[in-house]
Amino acid sequence: MNLTESDLAEIDAARGQSATTRRATVPALEAMLFTPVPVLDHGFVRVIDYMGDDAAVVQAARVSYGRGTRKVSEDEGLIRYLMRHRHSTPFEMCEIKFHVKLPIFVARQWIRHRTANVNEYSGRYSVMDREFYIPAPEHLAAQSASNRQGRGEVLEGAEAESVLALLREDAERNYAHYEAMLNEGGADPDRRGLARELARMNLTLNAYTQWYWKTDLHNLFNFMSLRGDSHAQYEIRVYADAMLAMTRAWVPASCRAFEDYRLGAAQFSATMLAVLRRMLGGEVVEQAASGLSKREWSEMMAMLE
């Protein structure tokens, strides 16, 4: 992660400010505010702002005027009940805003989560940074033979070196052409240069972009349950992991319930549950007589293992 001196000065200035408020604050998250957490080779995630805490979830569920006099254990029990029974509205009362720096191809996956407010760095207004994501050797893998959108075995030796060289060469060459087309500062006085909004089309998808991403806690949990899953692409999963650590600091009780009932849990279909009951009853059940497809059967066996 490369931060300029002006970036560091801006972060220090933001962290140096404080304000008196009657709103709920969370000391553990306050300590993280504005500080970038490195992700991938040049990316980061940082919390810019937030609203609410675990008590806000409880308050919304009870529709009370204040925090009340109930014990913390009772509040956590209610949060777990809400999560267990998928009562999502109380979790929507908490919001958080992240500043994320990420490769463009990761951003194109991320933006499919349409339940957030997003403002992205403008390549029409500003010149894009000369930074590209190049995978570490251990994340350079061949296409999976069984999963059309997954990875197989890690590439090694000359093939891996060749792929990495191509990635670097293409990114650097395209960016050099991007700069040449822009002709910023009149480097070539005989050319006017191409408009930024057009020149950017030449950049590779591993170029970095940035955005502010604001969402509520319910939809943040949805994002992390999908993108933090072991089947998610590594390059977006590491962002979800970083955000999960921040969420643990922000709403620890809600996050414990999420990790218990969503992230670390398994969901059975009605047919799967019927098969499981037959197995528990002592019956030997085979896939052909289970009523499940081969893929569903494999998924169920993987969950049970």
Side-chain angles (χ1 to χ4, degrees), residues 37-45 98 100-116 118 131-171 203-209 211 213 215 219-245 247 258-269 271-272 275 287-288 290-305:
V37 174
V39 183
L40 300 179
D41 48 1
H42 300 297
F44 63 73
V45 180
F98 296 98
V100 188
K101 183 177 181 181
L102 68 172
I104 292 173
F105 74 92
V106 176
R108 296 304 160 255
Q109 288 185 339
W110 194 314
I111 203 65
R112 292 179 61 81
H113 295 264
R114 300 181 297 275
T115 49
V118 186
E131 289 182 320
F132 321 103
Y133 169 64
I134 304 297
E138 63 269 24
H139 298 299
L140 204 66
Q143 177 66 43
S144 169
S146 59
N147 184 349
R148 293 182 182 179
Q149 59 176 9
R151 303 180 190 185
E153 295 181 0
V154 174
L155 299 181
E156 296 178 345
E159 183 178 11
E161 292 177 7
S162 174
V163 169
L164 288 172
L166 286 171
L167 287 171
R168 293 191 187 96
E169 179 186 338
D170 287 351
L203 294 174
T204 49
L205 288 177
N206 65 338
Y208 273 85
T209 185
W211 62 30
W213 192 76
T215 191
N219 285 298
L220 176 61
F221 282 152
N222 284 342
F223 173 85
M224 293 190 298
S225 66
L226 289 171
R227 301 308 181 177
D229 185 86
S230 60
H231 298 94
Q233 183 170 345
Y234 166 78
E235 283 80 10
I236 197 169
R237 192 169 71 242
V238 287
Y239 283 93
D241 290 344
M243 294 161 74
L244 178 60
T247 308
F258 163 69
E259 292 187 74
D260 198 8
Y261 295 118
R262 296 280 299 281
L263 201 59
Q267 180 172 317
F268 287 81
S269 68
T271 307
M272 287 178 176
V275 170
Q287 182 271 321
S290 68
L292 299 172
S293 68
K294 290 183 179 180
R295 171 169 285 187
E296 288 176 308
W297 178 265
S298 297
E299 290 174 357
M300 180 177 175
M301 292 302 104
M303 287 189 285
L304 292 177
E305 290 170 1

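Numbering starts at 1 and runs along the sequence shown. Computed from a prediction, not measured in an experiment: that's the story for all the values here.
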Practice prompt. Just do the side chain to side chain contact (heavy atoms under 4.5 Å, CB included) check on Trp213 and Leu102 with the steps written out, would you?
Written response: CA-CA 12 Å; Trp213 192 76; Leu102 68 172; over 6 Å; no

Item to complete: Show your reasoning for whether side chain to side chain contact (heavy atoms under 4.5 Å, CB included) applies to Thr247 and Phe221.
Response: CA-CA 9 Å; Thr247 308; Phe221 282 152; 4.0 Å; yes

Fill in: Glu296 and Thr271: CA distance, side-chain angles, deciding distance, side chain to side chain contact (heavy atoms under 4.5 Å, CB included) verdict
CA-CA 10 Å; Glu296 288 176 308; Thr271 307; over 6 Å; no

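For the atom pair Glu299 CD and Ser269 OG, the distance stands at 9.5 Å (nearest 0.5 Å). Within the model, atoms CE of Met272 and CG of Leu304 stand 9.0 Å from one another, a figure rounded to the nearest 0.5 Å. The structure places CZ of Phe223 at 10.0 Å from OH of Tyr239, a figure rounded to the nearest 0.5 Å. Of the inter-residue distances, the one linking Ile236 atom CD1 with Arg112 atom CZ reads 10.5 Å to the nearest 0.5 angstrom. Atom OG of residue Ser225 and atom CD of residue Glu259 lie 12.0 Å apart, to the nearest 0.5 angstrom. Separation of atoms CE (Met224) and CG (Leu263) is listed at 8.0 Å; rounding is to 0.5 Å.
No donor-acceptor pair under 3.5 Å is formed between the side chain of Ser162 and the backbone N or O of Ala158. Checking side-chain atoms of Tyr133 against main-chain N and O of Leu40 turns up no donor-acceptor pair under 3.5 Å. Under the 3.5 Å distance criterion, the side-chain polar atoms of Gln287 are matched with a main-chain donor or acceptor of Leu292. With hydrogens and angles disregarded, a donor-acceptor distance shorter than 3.5 Å links the side chain of Gln143 to the backbone of Gly150. Panel note: side chain Asp41, backbone Ile134; a donor-acceptor pair is recorded below 3.5 Å. Not one N or O on the side chain of Thr115 forms a donor-acceptor pair closer than 3.5 Å with the backbone of Thr215.
Within the 4.5 Å cutoff, the side chain of Val275 has heavy atoms near those of the Trp297 side chain. When side chains are defined from C-beta on, Leu220 counts as touching Met243, because their heavy atoms get closer than 4.5 Å. Between Glu161 and Leu164, the closest side-chain pair of non-hydrogen atoms is not below 4.5 Å. Counting only heavy atoms from C-beta outward, the side chains of Pro38 and Phe44 never approach each other to under 4.5 Å.
Environment of CD in Gln267: sparse, with no more than 12 heavy atoms of neighbouring residues, nucleotides or ligands closer than 6.0 Å.
Here salt bridge (Lys or Arg N to Asp or Glu O under 4.0 Å) pairs that include residues 222-243, with residues two or more places apart or in two chains, are Arg151-Glu235.
Note on ring orientation: taking the six-membered ring where Trp is involved, the planes of Tyr234 and His139 are parallel (angle under 30°, cut-offs 30° and 60°). Relative ring orientation between Trp110 and Trp211 is described as perpendicular, the plane-to-plane angle rising above 60° on a 0-90° scale split at 30° and 60°.
Residues Leu140 and Ala160 share a closest heavy-atom pair of CD2-O, 3.6 Å. Listed here is the closest heavy atom pair of Tyr208 and His42: OH-N, 3.2 Å. For the pair Leu167 and Pro135, the tightest heavy-atom approach, listed with the atom from each and the gap, is CD1-CD, 3.7 Å. The shortest heavy-atom contact between Ala242 and Val37 is CB-CG1, 4.4 Å. Across all non-hydrogen atoms, the minimal contact from Ala141 to Gly152 is CB-O, 3.7 Å.
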